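In this text the structure is predicted, and so the values were computed from the model without any measurement. Every number for a ligand or one of its atoms is a count from 1 in the order of the listing.
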Amino acid sequence: MHDPDQRPPADRRPTRRDVATEPYDHAAGGAGAIASVGRELWRHTGLVRGAKLLLQVNQADGFDCPGCAWPDPPADERTRFEFCENGAKAVAAEGTKRRVGPDFFAQWSVADLEAQSDHWLEAQGRLTHPMVRRPGATHYAPIAWDEAFALVGDALRDLDSPDEAVFYTSGRTSNEAAFLYQLFARQFGTNNLPDCSNMCHESSGRGLGWSIGVGKGTVGLEDFDRADAIFVIGQNPGTNHPRMLTTLERAAKRGCAIVSVNPMLEKGLVRFAHPQKPLAILGQSTPLCTLHLPVRINGDVALLKGLMKVVLEREAAAPGTVLDHDFIAEHTEGFEAFRSALEATPWAPLLEQSGLSREQIEQAADLYCRSEATIVCWAMGLTQHKNGVGNVREVVNLLLLRGNLGRPGAGACPVRGHSNVQGDRTVGIVERPKPAFLERLGARFDFTPPAEHGLDVVESIHALHDGRAKVFVGMGGNFVAATPDTDYTAEALRRARLTVQVSTRLNRSHLIGGDTMLILPCLGRTEEDVQAGAPQFVSVENSMSIVSQSRGRRPPASDQLRSEPAIVAGLAKATLGDRSTVDWDHLVADYDRVRDAIEAVVPGFDDYNARVRVPGGFLLPNGARDRVWRTAVGKARFSVNRLPEIDLAPGQYLMMTVRSHDQYNTTVYGLDDRYRGIYGARRVVMMDPADITAAGLDEGRVVDLVSHFRGEERVAPGFAVVAQSLPRGCVATYFPEANVLVPARHVADESNTPASKSVVVTLRPA
Ligand SMILES: Nc1nc2c(c(=O)[nH]1)N[C@H]1C(S)=C(S)[C@@H](COP(=O)(O)OP(=O)(O)OC[C@H]3O[C@@H](n4cnc5c(=O)[nH]c(N)nc54)[C@H](O)[C@@H]3O)O[C@H]1N2
Ligand SMILES: Nc1nc2c(c(=O)[nH]1)N[C@H]1C(S)=C(S)[C@@H](COP(=O)(O)OP(=O)(O)OC[C@H]3O[C@@H](n4cnc5c(=O)[nH]c(N)nc54)[C@H](O)[C@@H]3O)O[C@H]1N2
Ligand SMILES: [Mo]
């Protein structure tokens, strides 16, 4: 499972590795970004073709960037260049000229492919034909679409119960495909619909749902133009949401305070030069960050509690001037219990656990108290901890104190990952569906959907491992590489009878699977989708609940490719046959019909087909934005969250797994991490220079990483030590190389999200 490019040979294990490190002292973005895009386009698409493709990104009549879920500016404010360096890499990868077809699979056995690195696999190009690896075969062989569908249908019908099948979704799937996919799974009879959200913002959904009655953010892009303070907690926008930097830059220029809470001083938040503005290339950059708080890993609850203690102290010193008493009285519940718990919390553990001084926390509190409108943004640094849901609830506590919800310039902003991960949930990709949703789905299609809750990602892994699940279908994504506990998960997938991957490019999940493995190649976002002779478009929902259309215009990578909706229809027909109350062919022949069905089932999609055609799309309703609280108590709720227990024995470190600047999740574009100044290697462990010295190590030294969980040990061999400014006791590695160290049972309370940002490790000399 390890990247063999970088794995030390077992017999001759080096003790040092050359990793070039060089401090990156330029602004983020700027000329460095342009050079990097140029290289990626050249490699995959050729410059002219690539440039044409980029002009269509995020245009009202083009396709939605397959990169992140950061919203686009209103249609009339878009420039010709609404893409970022990393979105450009994602587009280039999809538009690659390279092809992985039957010849390729005849040449390469599955075992040979397994020995290649993830980076190499993805770089081979686009999948062109349906392929099957039959039981016992060494190679994949071509298979006709109808035969492939029949194979899946037979396997599914053969199961003792529909709950023995698992239907995974990654967040690039369009609303239309996702809706059909969940309809298929539920007509088949299961709610086993795990998705990448389970590993991503599930903690946000749970925390926000409990606290404010909606599991989504409450701000729009326009709020960033009115905020006085923006907190960015546990997020690295310079790399993962580069277009957000443009928004932050605008805010910083008009004097908005920007506070970064992050163990690392992420480059993108320090200085930013807009890569599409010539002046920026000449070196004029905006200082973005007003205050950086280098919190210890998982020290956020402690920090937020400290910050709120200061807010309460300021209120006590000048009553009536700090808290929004009217808001608290009218809109919230639980304030007194929250206040007394906080007052009873001593400072010492808060300072100890956050790793910050009281002065640092007071500085942040000053900015918060002075701001009349505050937005808090966050991402994986808050969600992927045992107390991920608690982290999110503490963020809401902070916002509630000064009424920072449901008014201009203020609110909660969980910044989503995949470009349609939010939309997939909205249209029904959820393993714990609400009864009202099932009722409307059943009524629209005249059947009784299963009511029992299904399996999430981690539960699916265990079920496959135990034999409770036997068939795995992946609608996009790279399950084996993205999930925790790589060896355990790989074994789980190998125990399946059948694993099916609907994919655009080759990845590890095509090589590690069940007795029979099937690859169903699909169209990408950028490609023209024609059904029944007519071109179609799909729709997606961004991080701020705006639904808009996405239309690909390029000729497909192969004439064999089918669209995701068409593939779902094929699978459904072959599986359900006459049992189905859905006319799949009719539905999929015109995506307007799918959208009509979504409108009938999901609230907020009124006039879907008309409104999605308006440039810029439409906003879905969101109670909390209008101060309508759909919580169990009808109000927004203060919560009391325990301080996490972080017990590190001597020699142990808390490890976070993060993304480099040169990857999209499990897709590794290259081996450099420009803003962090790390070049040419990904099997590295980032440590503070003081920790390196204290441990008797030096830069370049190769160590094995050992994780510790409930007496179990997991080992990842051969990581080179690199220096990076971090709080003492905190280290960082890259996802997915380090996933082998993340125990599948080390998950967040309530959301069951793998706690991949707080893994206890020791370093062993290699
Ligand atoms: N180019 C590119 N864009 C992407 C992706 C990609 O891989 N590449 N992935 C997409 C997806 S699916 C997602 S979910 C998002 C992910 O976006 P991010 O959440 O920004 O991604 P990570 O690299 O996981 O970064 C987490 C950040 O949290 C910090 N952090 C870690 N632990 C803690 C902690 O305990 N407390 C605090 N305060 N901070 C902490 C890390 O230092 C890091 O800066 O990006 C999306 N966009
Ligand atoms: N240790 C650790 N683990 C993590 C994380 C972490 O921070 N640390 N982050 C987690 C997070 S936030 C997430 S979201 C998950 C991501 O988990 P996934 O979504 O499962 O993984 P990706 O790497 O985004 O999936 C990439 C694959 O999707 C396929 N693909 C690309 N475009 C399309 C398309 O248009 N259609 C279809 N059908 N397929 C397509 C390609 O074949 C590509 O190989 O990983 C999680 N795992
Ligand atoms: Mo994600």
Test ring pair (Phe, Tyr, Trp, His ring centres under 6.0 Å) on His418 and Tyr664; report intermediate values, then the result.
CA-CA 10 Å; His418 271 300; Tyr664 193 92; 5.5 Å; yes
Using a 4.0 Å heavy-atom threshold (strictly under), name the region of Val415 that reaches ligand 1: side chain, backbone, both or neither.
neither
4.5 Å side-chain heavy-atom contact, Asp662 and Val668
no
Mark yes or no for whether Asn739, through its side chain, and Thr483, through its backbone, hold a donor-acceptor pair below 3.5 Å.
yes
Location of contacts on Glu122 toward ligand 2, heavy atoms closer than 4.0 Å
side chain
Do Ile375 and Phe231 touch side chain to side chain, with heavy atoms closer than 4.5 Å?
no
Before we go on, tell me: are the rings of Phe184 and Phe167 under 6.0 Å apart, centre to centre?
yes
Consider ligand 1: state whether an atom of it lies below 4.0 angstrom from any non-hydrogen atom of His385.
yes
Pairs of nitrogen or oxygen atoms closer than 3.5 Å, one from Asn262 and one from ligand 1: do any exist?
yes
Between Met244 and Cys377, the two heavy atoms sitting closest are CE-SG, 3.7 Å
Pull out every atom of ligand 2 sitting under 4.0 Å from any heavy atom of Thr666, numbered as shown with elements.
22 (P), 23 (O), 26 (C)
Does Arg98 use its side chain to pair, donor to acceptor, with the backbone of Ala123 at less than 3.5 Å?
yes
For atom 44 (O) of ligand 2, tell me which residue out of Leu523, Asn507, Val742 has the closest non-hydrogen atom.
Asn507
side-chain hydrogen bond (donor to acceptor under 3.5 Å, both in side chains) evaluation trace for Asn478 with Ser509:
CA-CA 5 Å; Asn478 185 1; Ser509 297; 2.6 Å; yes
Starting from atom 21 (O) of ligand 2, find the nearest protein heavy-atom neighbour and note its residue, name and distance.
Asn478 N, 3.6 Å
Quick check: Val261 and ligand 1, any N/O pair under 3.5 Å apart?
yes
Sub-4.0 Å heavy-atom contact, Arg659 with ligand 2
yes
Is it the side chain, the backbone, both or neither of Asn739 that has a heavy atom closer than 4.0 Å to ligand 2?
side chain
Answer yes if the side chains of Ser419 and Arg172 hold a donor-acceptor pair under 3.5 Å, and no otherwise.
no
Number the atoms of ligand 1 from 1 as they appear, then name those within less than 4.0 Å of a heavy atom of Ile297, with their elements.
35 (O)
Identity and separation of the nearest protein heavy atom to atom 25 (O) of ligand 2
Gly477 CA, 3.2 Å
Answer side chain, backbone, both or neither: which part of Asp300 comes under 4.0 Å from ligand 1, heavy atoms only.
side chain
Ser758 and side chain to side chain donor-acceptor pair (under 3.5 Å): which partner among His385, Lys386, Gln384?
His385
Phe472 and side-chain contact (heavy atoms from CB on, under 4.5 Å): which partner among Val480, Val500, Leu493?
Leu493
With nothing but distance in play, are any N or O atoms of Arg416 less than 3.5 Å from an N or O of ligand 1?
no
Atom 36 (N) of ligand 2 sits nearest the protein heavy atom Glu564 OE2, 2.6 Å
Short N or O distance, Gln384 and ligand 1, threshold 3.5 Å exclusive
no
Among Gly234, Ala732, Ser758, which one has a heavy atom closest to atom 27 (C) of ligand 1?
Gly234
If hydrogens are left out, which of Pro521, Ser563, Gly476 has an atom nearest to atom 39 (N) of ligand 2, that is, the closest non-hydrogen atom?
Gly476
The answer for which part of His418 has a heavy atom under 4.0 Å from ligand 2 is side chain
Using modelled atom types only, decide if a donor and an acceptor are shared between the side chain of Ser558 and the backbone of Thr128 within a distance under 3.5 Å.
yes
Is it the case that the side chain of Asn420 and the backbone of Glu541 share a donor-acceptor pair, with hydrogens and angles ignored and the cut-off at 3.5 Å?
yes
Show the atoms of ligand 2 that are less than 4.0 angstrom away from any heavy atom in Val502.
37 (C), 38 (N), 39 (N)
Nearest non-hydrogen protein atom to atom 18 (P) of ligand 2, with distance, is Tyr168 OH, 3.5 Å
For atom 47 (N) of ligand 2, what is the nearest protein heavy atom, given as residue, atom name and distance?
Ala482 O, 2.6 Å
Got a donor-acceptor contact below 3.5 angstrom from the Asp195 side chain to the Ser170 backbone?
no
Positive for salt bridge (Lys or Arg N to Asp or Glu O under 4.0 Å) with Glu527, one of Arg551, Arg126, Arg553, Arg562:
Arg126
If hydrogens are left out, which of Gly417, Cys730, Pro414, Pro294 has an atom nearest to atom 46 (C) of ligand 1, that is, the closest non-hydrogen atom?
Gly417
Answer side chain, backbone, both or neither: which part of Cys522 comes under 4.0 Å from ligand 2, heavy atoms only.
side chain
Regarding atom 43 (C) of ligand 1: of the candidates Met264, Arg172, Glu266, His241, which has the closest heavy atom?
Glu266
Give me the nearest non-hydrogen protein atom to atom 4 (C) of ligand 2 as residue plus atom name, then the distance to 0.1 Å.
Phe735 CE1, 3.3 Å
Check whether the side chains of Thr526 and Glu94 place a donor and an acceptor atom closer than 3.5 Å, and report yes or no.
yes
Please state which option from Thr504, Thr383, Asn665 has its nearest heavy atom closest to atom 34 (C) of ligand 2.
Thr504
Contact region, Ser756 to ligand 2, non-hydrogen atoms below 4.0 Å, reads side chain
Between Pro194 and Leu455, is any pair of side-chain heavy atoms under 4.5 Å apart?
no
Tell me whether ligand 2 is touched by Lys757 - counting only heavy atoms on the residue side and a distance under 4.0 Å.
yes
Per atom 30 (N) of ligand 1, closest listed option by heavy atom (Ser170, Gly381, Pro727, Ser354):
Gly381
Relative to ligand 1, is Met656 under 4.0 angstrom through side chain, backbone, both or neither, heavy atoms considered?
side chain
If we only count N/O pairs under 3.5 Å, is Gln663 in contact with ligand 1?
yes
